[in-house]
K.L.:
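One structure is given below, represented as structure tokens, and several questions about it will come after.
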Amino acid sequence: MKTRSSAAAPAPARSVPAPARRATTKPRAKKKPLKDDRNKPKKPPTAFFYFLEDFRKTYQQENPDVKSMRDIGKACGEKWKTMSFEEKVAYYDIATEKRAEFERAMAEYIKRKESGDFSEESDYE
DNA sequence: GGCCTGATTGTTGAG
DNA sequence: CTCAACAATCAGGCC
């Protein structure tokens with residue numbers, strides 16, 4: 001139980017020497033989630049996203065004029081940094097639980113990947 | 001009319 | 001060890 005007890009462990013010493021933002025468009029398949037989940041577990045929302053859910057509601061209440069998440073994201077990020085570690089821990093804890101589940105799904109995904117080939121069987125659909 | 005981008009940080013997987 | 005891409009959201013912008 002100590003593996004991740006300290007949920008709050010945001011690897012701080014990881015400077016990212018790659019400030020080069022993704023050009024202009026991100027090669028992200030945003031169209032539709034198709035069924036890639038069948039073999040590729042999608043990453044769970046991070047603590048930041050959970051905080052966003054709560055912050056987003058509050059932000060819109062006080063800022064009904066706000067546009068979309070782009071503005072909120074900035075405000076959220078700024079606030080996130082100002083938040084106390086203990087407060088963030090609350091969200092980290094939630095994300096940690098989700099990661100545990102995701103980690104299990106990923107373990108199976110990898111296991112399946114190494115175990116056998118993926119013959120896109122595909123029968124359904 | 002329909003599809004894509006943009007911004008936030010964190011997290012994880014692969015090389 | 002290190003990078004890189006992705007996770008939600010949502011409204012606006014473009015052709």
Side-chain angles (χ1 to χ4, degrees):
Chain A
M1 3 207 143
K2 252 39 333 189
T3 41
R4 277 173 226 269
S5 44
S6 297
R14 196 184 306 162
S15 355
V16 26
R21 255 178 230 295
R22 276 117 70 192
T24 47
T25 99
K26 271 199 277 203
R28 220 167 359 113
K30 54 199 114 261
K31 259 185 79 244
K32 47 196 204 191
L34 213 64
K35 343 173 159 243
D36 289 349
D37 312 55
R38 94 195 210 352
N39 57 30
K40 279 198 263 193
K42 82 182 173 199
K43 307 195 276 194
T46 61
F48 183 71
F49 275 42
Y50 284 106
F51 170 65
L52 252 161
E53 285 183 56
D54 187 47
F55 184 85
R56 175 163 53 76
K57 292 171 189 171
T58 302
Y59 190 87
Q60 286 181 345
Q61 284 179 3
E62 297 188 44
N63 301 287
D65 296 335
V66 83
K67 302 289 187 124
S68 45
M69 267 216 61
R70 287 173 283 171
D71 291 317
I72 300 173
K74 288 176 187 176
C76 200
E78 191 176 357
K79 177 80 181 247
W80 180 259
K81 288 175 182 181
T82 61
M83 277 175 73
S84 296
F85 176 73
E86 295 177 354
E87 295 182 276
K88 294 194 287 190
V89 157
Y91 297 97
Y92 274 98
D93 184 57
I94 298 167
T96 301
E97 290 183 70
K98 295 293 180 190
R99 283 193 305 253
E101 190 176 357
F102 168 74
E103 193 177 351
R104 179 176 306 256
M106 185 52 88
E108 242 177 286
Y109 158 63
I110 294 169
K111 180 178 179 182
R112 182 169 216 172
K113 185 177 174 186
E114 294 180 351
S115 186
D117 337 341
F118 256 100
S119 294
E120 35 225 90
E121 351 291 301
S122 61
D123 316 320
Y124 346 42
E125 263 80 333

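Letters A, B, ... mirror the listed sequences (proteins, then strands); counts begin at 1.
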K.L.:
Roughly how many Å is it from NZ in A:K88 to P in B:dT11, rounded to a whole number?
P.N.:
11 Å
K.L.:
Does a side-chain N or O of A:R56 approach OP1 or OP2 of C:dC10 to a distance below 4.0 Å, or not?
P.N.:
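Yes, within the criterion.
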K.L.:
Using a cut-off of 6.0 Å, state whether more than 12 heavy atoms not belonging to A:K98 lie near its atom NZ.
P.N.:
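No.
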K.L.:
Is A:F49 stacked on the base of B:dG10 when the test is centres under 5.5 angstrom and planes under 30 degrees?
P.N.:
no
K.L.:
Could you tell me the separation between the CD atom of A:E53 and the CZ atom of A:F48, rounded to the nearest 0.5 Å?
P.N.:
11.5 Å
K.L.:
Under 4.0 Å, heavy atoms only, any strand: does A:I72 hit a base, just the sugar-phosphate, or nothing?
P.N.:
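The residue A:I72 makes no contact with any strand.
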K.L.:
Atom CZ of A:R70 to atom P of C:dA11: distance rounded to whole Å?
P.N.:
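Result: 10 Å.
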K.L.:
Using a cut-off of 6.0 Å, state whether more than 12 heavy atoms not belonging to A:Q60 lie near its atom CD.
P.N.:
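Check passes, neighbour count above 12.
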K.L.:
Return the value, rounded to whole Å, for the distance between atom CZ of A:R99 and atom C1' of B:dT9.
P.N.:
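In whole Å, B:dT9 C1' and A:R99 CZ are 13 Å from each other.
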K.L.:
I need the NZ-C1' distance between A:K43 and B:dT12, as an integer number of Å.
P.N.:
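In whole Å, B:dT12 C1' lies 6 Å from A:K43 NZ.
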K.L.:
Answer whether the closest heavy-atom distance between the side chains of A:F51 and A:C76 falls below 4.5 Å.
P.N.:
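Yes; the side chains approach each other to less than 4.5 Å.
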K.L.:
In whole Å, what is the span from the OH atom of A:Y50 to the C1' atom of C:dA8?
P.N.:
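From A:Y50 OH to C:dA8 C1': 10 Å.
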K.L.:
Whole angstrom is fine here: how far is it from NZ in A:K98 over to P in C:dA8?
P.N.:
13 Å
K.L.:
Reading DNA chain B from 5' onward, which residue's closest nucleotide shows up sooner: A:P44 or A:M69?
P.N.:
A:M69
K.L.:
Rounded to whole Å, how long is the line connecting atom CD1 of A:I94 with atom P of B:dT9?
P.N.:
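Whole-Å distance recorded here is 19 Å.
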K.L.:
Which is true for A:F102 with a 4.0 Å heavy-atom rule: it touches a base, it touches only sugar-phosphate, or it touches nothing?
P.N.:
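Sugar-phosphate, no base atom in range.
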K.L.:
So, OP1 or OP2 of C:dA8: does either fall under 4.0 Å of a side-chain N or O from A:K42?
P.N.:
yes
K.L.:
A side-chain contact here means heavy atoms from C-beta on lying under 4.5 Å apart; do A:F55 and A:Y91 qualify?
P.N.:
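Not touching, per the 4.5 Å side-chain cut-off.
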K.L.:
Among C:dC10, C:dA7, B:dT9, find the nucleotide with the atom closest to the side chain of A:K81.
P.N.:
B:dT9
K.L.:
Between A:Y91 (OH) and B:dG10 (P), how many Å, whole number?
P.N.:
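After rounding, the reported distance stands at 14 Å.
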K.L.:
Taking only the side-chain heavy atoms of A:K74 (C-beta and beyond), determine which of B:dT8, B:dT9, C:dT9 contains the nearest atom.
P.N.:
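My answer, after comparing the listed nucleotides, is B:dT8.
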